[in-house]
Amino acid sequence: MSSGHEAAFWADEEVKLLQPGRPHVVRDSKTPSGPVPISGLRGPIISDALFRTFKANALDVRFVYTIDDYDPMDSQSMKERAGMAAHMGKPLCMIPSPDPSVGTDFADYHATRFIALFAGLGITPEFHRMRDLYRSGALDKQIDLVLRNAETIRAIHKRVANVDHPEGWLPVAVICENCGRIGTTLATDYDGTTVAYECKPDYVEWAKGCGHKGRLAPFKGNAKLLWNEQWCAQWDHFGVTYEEGGKDLLTAGGSRERSNEIYREVWKRDPPPGLQHEFFTFGGKKMASSKGIGAEAVEIVAIYPPEVVRFLMLRTHPKRHLEFDPAGMTLPRLMDEYDRAADAYRGDEESDLGKTWRLSQVSPTPDAPGFRIRFTTVASWLQIPSIKPEAEAEKEKGARLTDAELRDLHRRVELARAWLERWAPDEAKFEVLERTPDVELTPEQRRYLSAIRALIGTVHDAGEMQNQLYEAAKQVGLLDAKGNPSQDAFAAIYLAFLGKPNGPRAGWLLLSIDPELVRRRLDELGRAP
RNA sequence: GGGCCAGUAGCUCAGCGGUAGAGCAGGAGACUCUUAAUCUCUUGGUCGUGGGUUCGAAUCCCUCCUGGCUCACCA
């Protein structure tokens with residue numbers, strides 16, 4: 001418990017918001033209107049971390065995740081795609097799937113792709129689809145309540161958000177019986193059983209209604225509540241007591257505030273509390289799913305180990321914005337920090353960083369972290385063909401790796417491979433040059449390169465090679481002020497083969513290159529120019 | 001225009017009322033194997049600005065500046 005860290009960890013702070021001795025429900029949701037950027041995982045991972053923390057604090061809690069697949073297609077970026085224009089305004093679950101082998105319809109396709117990531121990340125909520133809730137009539141009671149209080153709700157929209165809906169407006173969207181659109185209909189005149197509606201051509205900018213007028217019962221899936229009212233209906237239906245969210249929704253005068261007011265006035269209940277999380281930025285700019293490398297959640301999760309994805313989301317307080325650009329040194333930094341968190345956990349499980357490490361694990365009850373190799377070291381190893389990571393790691397540990405450690409190593413190897421290929425800056429990469437580079441060498445350096453030629457093909461152990469290189473430098477007289485071999489000696493090797501003055505340990509490097517090439521190169525550069 | 005977040009060592013950030021911290025980078029040294037290897041030590045900041053509260057503020061309050069995001073239609 002008390003460990004000297006009295007400043008409360010953010011997740012522990014949230015525990016105080018929940019009343020003990022009664023059931024609790026944490027909720028999160030996603031509208032499956034397209035590919036989800038990596039930033040879309042921040043909410044689910046935060047919610048899951050809180051869910052775990054609540055449970056760990058002996059609260060009776062469920063985690064509910066809803067898929068808002070009855071919402072209308074209104075995404076501008078989608079409208080420009082081939083074949084999509086005709087579907088604008090239809091419920092997401094009534095639009096054809098881009099790939100039927102993945103999902104049965106548009107919503108199912110995108111939801112499936114996204115949700116498929118959850119289990120691997122250790123996120124295990126109950127999933128509910130809005131289409132099922134509506135069609136089964138599970139929300140009919142709430143729909144009726146909303147319709148009977150339409151005037152009150154209209155006033156709240158006006159007061160809280162300054163949104164003026166026409167008189168007689170009802171906060172439901174009927175699915176047009178003629179064209180199937182749900183985003184274009186205006187409903188009026190609830191008589192306790194049915195509503196009148198009109199599918200208006202110019203009701204919204206992003207879709208064109210067909211002009212049909214009709215009357216039907218807005219239950220059993222014939223209609224859906226508008227966003228704010230649907231939110232309340234879900235809180236009511238599931239008994240939600242905690243819900244965090246992005247700041248796009250939780251801003252003053254924003255959507256959540258409208259829903260909160262409606263819940264208070266119409267349902268006569270307090271809305272659930274919840275953190276407002278900040279967004280990701282990508283290179284200082286807002287992350288866009290459509291463009292930008294590595295921005296899609298599916299892609300990052302395929303490459304990053306799950307605990308690293310969780311750690312990325314949890315190490316920064318939810319209320320702070322998170323800069324994430326997979327390119328460059330982002331990943332090595334993240335991995336170093338992750339390792340530090342593991343050390344913190346070993347030192348004190350209840351330290352903030354220790355807690356963050358634990359919440360980052362896929363299992364809520366993880367084993368203690370074991371021996372691991374620093375990420376940048378693994379990345380270097382990969383670029384020296386003669387190094388076998390497993391053997392090298394065992395040498396470094398001084399003992400056999402456990403199964404878990406071996407798995408961790410392999411994951412790091414895969415991650416480093418992807419990083420080198422896609423994101424690493426040039427400084428982190430080296431490559432043996434096929435052709436002799438045009439480099440400046442001193443006469444001593446040239447003598448040195450000539451001197452080590454004899455080692456090639458005769459010394460086969462990398463460690464021994466390293467020693468011999470060292471000795472050769474002494475013999476040639478490449479010494480620094482203290483009589484030790486100077487940096488110039490090794491720089492000559494790096495320049496000769498990599499074209500830059502530094503690189504991986506020279507003994508290992510030389511042995512990993514074809515001996516013929518090494519001899520030729522040494523001959524060529526060993527001569528006076 | 002409303003809201004949120006940030007501005008602390010070269011870089012990334014932690015600290016959030018009690019004599020300025022970490023990692024990396026930089027510097028020095030050790031290991032009779034240089035390094036992007038290990039270990040030890042170390043340089044470096046008047047904590048964005050101006051006020052206020054306090055015995056005492058990076059830390060609380062107010063002003064302002066800078067940068068970013070977000071809502072002002074729908075979801």
Side-chain angles (χ1 to χ4, degrees), chain A residues 5-8 29-31 33 39 68 70-76 89 92 160-165 173 182-184 203-207 224 226-228 230-231 246-258 276-287 315-323 329-330 332-334 336-337 339-340 343-344 352-353 374 376-377 379-381 383 392 395-396 427-430 462-474 478-480 482-494 500-509:
Chain A
H5 299 265
E6 289 308 318
S29 68
K30 182 72 203 158
T31 303
S33 58
S39 52
D68 297 343
Y70 231 46
D71 291 354
M73 166 61 88
D74 65 351
S75 163
Q76 204 52 44
L92 294 165
V160 178
N162 200 29
V163 177
D164 236 333
H165 291 292
I182 195 170
T184 50
Y203 191 54
V204 291
E205 276 180 24
W206 33 270
K224 79 178 276 292
L226 296 188
W227 176 256
N228 292 286
Q230 173 174 292
W231 211 337
K247 72 167 178 185
D248 52 338
L249 302 176
L250 298 204
T251 192
S255 201
R256 179 70 168 265
E257 197 171 291
R258 262 173 275 169
Q276 169 195 327
H277 74 249
E278 263 281 353
F279 284 176
F280 273 50
T281 52
F282 182 91
K285 296 294 167 198
K286 193 207 167 170
M287 182 168 283
R315 70 169 167 151
T316 304
H317 186 106
K319 290 193 74 160
R320 304 181 67 154
H321 88 257
L322 212 164
E323 163 68 20
M329 295 303 283
T330 300
R333 284 222 186 91
L334 180 63
D336 280 352
E337 210 170 319
D339 288 346
R340 219 173 300 141
D343 289 338
D352 286 7
L353 248 190
R374 198 179 165 202
T376 52
T377 304
S380 292
W381 288 355
Q383 298 179 84
E392 202 67 20
K395 212 187 297 175
E396 191 151 311
E427 305 89 79
K429 291 192 273 197
F430 43 83
E464 178 58 21
M465 177 66 88
Q466 188 76 16
N467 276 327
Q468 294 292 332
L469 291 172
Y470 188 83
E471 289 304 318
K474 282 188 192 168
L478 270 175
L479 304 173
D480 63 19
K482 306 195 64 170
N484 290 318
S486 79
Q487 293 213 177
D488 291 348
F490 289 88
I493 296 174
Y494 298 130
K500 51 187 195 176
N502 46 38
R505 307 184 77 173
W508 280 259
L509 176 67

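These numbers come from a predicted model, not from an experiment. Note on naming: letters A, B, ... go to the chains in the order of the sequence lines (proteins, then strands), and numbering restarts at 1 for each one.
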Atom pair distance, as rounded to whole Å: CG in Leu322(A) and C1' in rC69(B): 13 Å

Given rA22(B), rA6(B), rG3(B), the nucleotide with the shortest approach to the side chain of Arg340(A): rA22(B)

Given RNA chain B, 5'-ward residue of the pair Ala173(A) and Asp248(A), judged by closest heavy atom: Asp248(A)

C1' spacing across the pair rG7(B) / rC16(B), given as an integer number of angstrom: 15 Å

Partners meeting ring pair (Phe, Tyr, Trp, His ring centres under 6.0 Å) with Trp227(A) (sequence neighbours left out): Trp231(A)

Partner set under side-chain contact (heavy atoms from CB on, under 4.5 Å) for Asp339(A), not counting sequence neighbours: Arg372(A), Arg412(A)

Length of the CD-C1' vector between Gln276(A) and rC71(B), whole Å: 11 Å

Set of residues satisfying side-chain hydrogen bond (donor to acceptor under 3.5 Å, both in side chains) with respect to Lys30(A), sequence neighbours excluded: none

Qualifying residues under side-chain contact (heavy atoms from CB on, under 4.5 Å), relative to Ala506(A), sequence neighbours excluded: Gln466(A), Leu469(A), Phe490(A), Ile493(A), Tyr494(A)

Pairing residues for Ser380(A) by the side-chain contact (heavy atoms from CB on, under 4.5 Å) criterion, not counting sequence neighbours: none

Dot-bracket summary - RNA chain B, pairs being Watson-Crick or G-U whose distances fall under 3.5 Å, with | when paired to another strand: ((((((((.[[[[.)..(..]]]].(((((.......))))).....[.[[[..)....]]].])))))))....

Nucleotide of rA75(B), rC33(B), rC69(B) approaching Phe279(A) most closely (side-chain heavy atoms): rC69(B)

From rC71(B), rG68(B), rU32(B), nucleotide with atom closest to Glu278(A) side chain: rG68(B)

Sugar-phosphate, base or nothing in reach of Leu353(A), heavy atoms under 4.0 Å: nothing

Residues which pass salt bridge (charged side-chain N to carboxylate O under 4.0 Å, His left out) with Glu257(A), listed by chain and number, not counting sequence neighbours: none

Given rG7(B), rC4(B), rC71(B), the nucleotide with the shortest approach to the side chain of Thr251(A): rC71(B)

Atom-to-atom span, CG of Asp336(A) to C1' of rA25(B) - whole angstrom: 13 Å

Validation row: Glu392(A), Trp381(A) side chains within 4.5 angstrom (heavy atoms): yes

Whole-Å gap separating P (rC73(B)) and CG (Asn228(A)): 12 Å

Sugar-phosphate, base or nothing in reach of Ala379(A), heavy atoms under 4.0 Å: nothing

Counterpart residues, side-chain hydrogen bond (donor to acceptor under 3.5 Å, both in side chains), relative to Gln276(A) (two or more places apart): none

Euclidean distance, atom CE of residue Met465(A) to atom P of rC33(B) [Å, nearest integer]: 17 Å

Any residue meeting salt bridge (charged side-chain N to carboxylate O under 4.0 Å, His left out) with Asp71(A), in chain and number order, not counting sequence neighbours: Lys224(A)

Worked verdict on Phe279(A) versus Asp248(A) for side chain to side chain contact (heavy atoms under 4.5 Å, CB included): CA-CA 9 Å; Phe279(A) 284 176; Asp248(A) 52 338; 3.4 Å; yes

Residues that Glu337(A) engages under side-chain hydrogen bond (donor to acceptor under 3.5 Å, both in side chains), provided they are two or more places apart: Arg315(A)

Please tabulate the protein-to-nucleotide N/O contacts below 3.5 Å involving nucleotides 10-12 of chain B, giving atom names and distances.
from: rC11(B); atom 1: O2'; to: Arg333(A); atom 2: NH2; distance (Å): 3.4

Touch class at under 4.0 angstrom, heavy-atom based, for Ser255(A) against every strand present: base

Distance, rounded to the nearest Å, where Phe280(A) contributes CZ and rU70(B) contributes C1': 16 Å

Distance, rounded to the nearest Å, where Glu257(A) contributes CD and rC4(B) contributes P: 11 Å

Side chain of Lys247(A) (C-beta onward), nearest among rC4(B), rA14(B), rA75(B): rC4(B)

Atom of Gly89(A), atom of Pro72(A) and distance for their closest heavy-atom approach: O-CB, 3.8 Å

Sugar-phosphate, base or nothing in reach of His165(A), heavy atoms under 4.0 Å: sugar-phosphate

Pairwise C1' distance, rG21(B) and rU8(B) [rounded to whole Å]: 10 Å

rA57(B) to rG48(B) separation - P atoms, rounded to the nearest Å: 15 Å

Same-atom distance (C1') from rU46(B) to rA9(B), integer angstrom: 13 Å

Between P of rG67(B) and CD of Glu323(A), the distance in whole Å: 17 Å

Side chain of Ala252(A) (C-beta onward), nearest among rG2(B), rG68(B), rA6(B): rG2(B)

Per-nucleotide protein contact string for nucleotides 37-42 of chain B, where B marks a base within reach and S marks sugar-phosphate only (heavy atoms under 4.0 Å, - for neither): ------

Beyond-backbone contact of Lys247(A) with His277(A), side-chain heavy atoms, under 4.5 angstrom: no

Presence of donor-acceptor pair under 3.5 Å, side chain of Lys319(A) and base of rC5(B): no

